[in-house]
Novice: 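Sharing a structure, written as structure tokens. Questions coming.
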Amino acid sequence: MPLVTTEEMFKKAYNGGYAIGAFNVNNMEIVQGITEAAKELNAPLILQVSKGARAYANHTYLIKLVEAAIEETGLPICLHLDHGDSFELCKSCIDGGFTSVMIDMSSKPFEENIAETKKVVEYAHDKGVVVEAELGTLAGIEDDVNVSEEDSSYTRPEEVEEFVDKTGCDSLAIAIGTSHGAYKFKPGTKPQLRFDVLEEVANKLPGFPIVLHGSSSVPQDLVAKVNKYGGNMPGAIGVPEDQLRKAASMAVCKINIDSDLRLAMTASIREYMTEHPDHFDPRQYLKPARAAIKELVAHKLTDVLGCDGKA
Ligand code: G3H
Ligand code: 13P
Ligand code: ZN
């Protein structure tokens, strides 16, 4: 099976009340951990590559790793550019075999976001590639954000119809309170996504796939493990998994997870290195790290996204 776009995946996910996991990949062990879990659970997948991942691992290596995963699993897999920051980067990924790209102009003024996104959509659609765009800025974790500033960073539902109509994008990432990284909410506060904003967006765009970035849950057992073995991650807090599950049952068809994979891998390697200070064969610590990613992804596919059995 060749790489697929998200078109079919999203249609089924929207109608079925579940979401597809979009996991960031940077090396072979990460690709293997994710895809072995998905194979056992017969889940469709989006593997996404950031600009930084592409610079780290090289475009060709990443493409070949994902092709190998398709050959090994037989699953429908989409290869997606995460946070494309220019037409040129998107074009390079489209020309180089990706089946989906994100053009992220969310920090730009509305009209500029529309113009840049439209340009990428025209190029991508011509080549059978789908495009994710973003409207609204993901919430930050700054202590001194006041309410009106905070509100202004959420997606404005009144803008989404015009944006989608004018750009022709295939999916839309929105800001409802998630953020990137492991420090999403202040310790002691109760994380709460803005489901009212999601609902309003969904009402304006019936049937249209919505994307959530910044959706790691930052499992506290993994944070504790990192800290037990010499790390220092005080106050790392993520998005509660029950809220992600709820979003997946609504219009959200793609949920992005990267930090949790990093955490699982790092906790495993720290533990291994501490307990085996005399070992120096990378296979010895990368094998349990890969297994830790597999276990985490299996949990996400089943208990958070609900996409197990949907390939
Ligand atoms: O949203 C960003 C992803 O977690 C990728 O991060 O740019 O460090 O590869 P990166
Ligand atoms: P996390 O940092 O919450 O894993 O988000 C990843 C992401 O949004 C990638 O685009
Ligand atoms: Zn993101």
Side-chain angles (χ1 to χ4, degrees), residues 6 19-27 29-31 33-34 45-59 61-62 65-66 78-86 89-90 93 98 100-107 131-141 153-155 169 171-185 191 193 209-220 222-223 226 233 235-241 243-245 247-248 252-267 292-293 296-297 299-301 304-305:
T6 49
I20 312 294
F23 301 102
N24 288 70
V25 297
N26 294 279
N27 68 14
E29 284 76 12
I30 296 174
V31 172
I34 297 165
L45 271 180
I46 298 168
L47 297 179
Q48 54 188 12
V49 168
S50 68
K51 182 180 179 178
R54 200 162 168 262
Y56 170 77
N58 170 304
H59 180 96
Y61 278 93
L62 289 168
L65 283 172
V66 174
C78 166
L79 178 56
H80 173 76
L81 169 66
D82 192 26
H83 293 286
D85 62 357
S86 67
L89 175 58
C90 292
C93 288
F98 282 43
S100 175
V101 294
M102 176 189 193
I103 175 73
D104 181 0
M105 290 289 141
S106 59
S107 62
V131 179
E132 174 187 325
E134 180 166 334
L135 205 46
T137 315
L138 290 204
I141 53 166
S153 70
Y154 293 122
T155 302
C169 66
S171 62
L172 185 66
I174 62 167
I176 59 167
T178 63
S179 59
H180 292 107
Y183 304 91
K184 299 184 194 298
F185 299 97
L193 299 185
I210 301 302
V211 177
L212 278 194
H213 282 249
S215 297
S216 279
S217 303
V218 190
Q220 292 303 295
L222 292 180
V223 175
V226 167
M233 299 185 67
I237 297 186
V239 183
E241 289 188 335
Q243 293 188 31
L244 294 169
R245 182 72 209 97
V252 171
C253 294
K254 173 175 180 273
I255 292 189
N256 286 14
I257 299 171
D258 185 10
S259 295
D260 283 355
L261 273 64
R262 298 178 180 195
L263 203 49
M265 195 167 199
T266 300
I293 287 185
L296 178 97
V297 170
H299 162 65
K300 298 285 182 188
L301 297 173
V304 181
L305 303 154

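For ligands, and for the atoms within them, numbers begin at 1 and follow the listed sequence. Because the structure is predicted, anything quoted here is derived from the model rather than measured.
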Novice: For Arg54, check salt bridge (Lys or Arg N to Asp or Glu O under 4.0 Å) against everything at least two apart and list the hits.
Specialist: none
Novice: Can you confirm whether Leu135 sits close enough to Ile174 that some side-chain heavy atom of one is under 4.5 Å from a side-chain heavy atom of the other?
Specialist: no
Novice: Just to verify, which of Lys300, Arg245, His299 counts as forming a side chain to side chain contact (heavy atoms under 4.5 Å, CB included) with Leu305?
Specialist: Lys300
Novice: Under 2.8 Å from the Zn ion (ligand 3), which protein N, O or S atoms are there? Could you list them by chain and number?
Specialist: His83 NE2, His180 NE2, His213 ND1
Novice: Can you tell if the side chain of Asp260 reaches within under 4.5 Å of the side chain of Ser217, non-hydrogen atoms only?
Specialist: yes
Novice: Do you know which of Glu132, Lys254, Gln48 makes side chain to side chain contact (heavy atoms under 4.5 Å, CB included) with Met102?
Specialist: Glu132
Novice: Please work out which of the three classes, parallel, tilted or perpendicular, describes the rings of His213 and His180, given edges at 30° and 60°.
Specialist: perpendicular
Novice: Within a strict 4.5 Å, meaning less than it, do heavy atoms of the Met233 and Leu263 side chains meet?
Specialist: yes
Novice: Is there a side-chain contact between Ser179 and Lys184, using heavy atoms and a 4.5 Å cut-off?
Specialist: yes
Novice: Considering only heavy atoms, which protein residues lie less than 4.0 Å from any atom of ligand 2?
Specialist: Asn24, Gln48, Asp82, His83, Ser179, His180, Gly181, Lys184, His213, Gly214, Ser215, Ser216, Asn256, Ile257, Asp258, Ser259
Novice: Closest heavy-atom contact between Ala247 and Val252?
Specialist: O-CB, 3.2 Å
Novice: Protein residues near ligand 1, heavy-atom distance below 4.0 Å?
Specialist: Asn24, Ser50, Asp82, His83, His180, Asp258, Arg262
Novice: Leu47 versus Leu65: any side-chain heavy-atom pair under 4.5 Å?
Specialist: no
Novice: What's the shortest heavy-atom distance between His59 and Phe98, and which atoms?
Specialist: CE1-CE1, 3.2 Å
Novice: For the residue pair Ile293 and Ile34, establish whether any side-chain heavy-atom pair is separated by less than 4.5 Å.
Specialist: yes
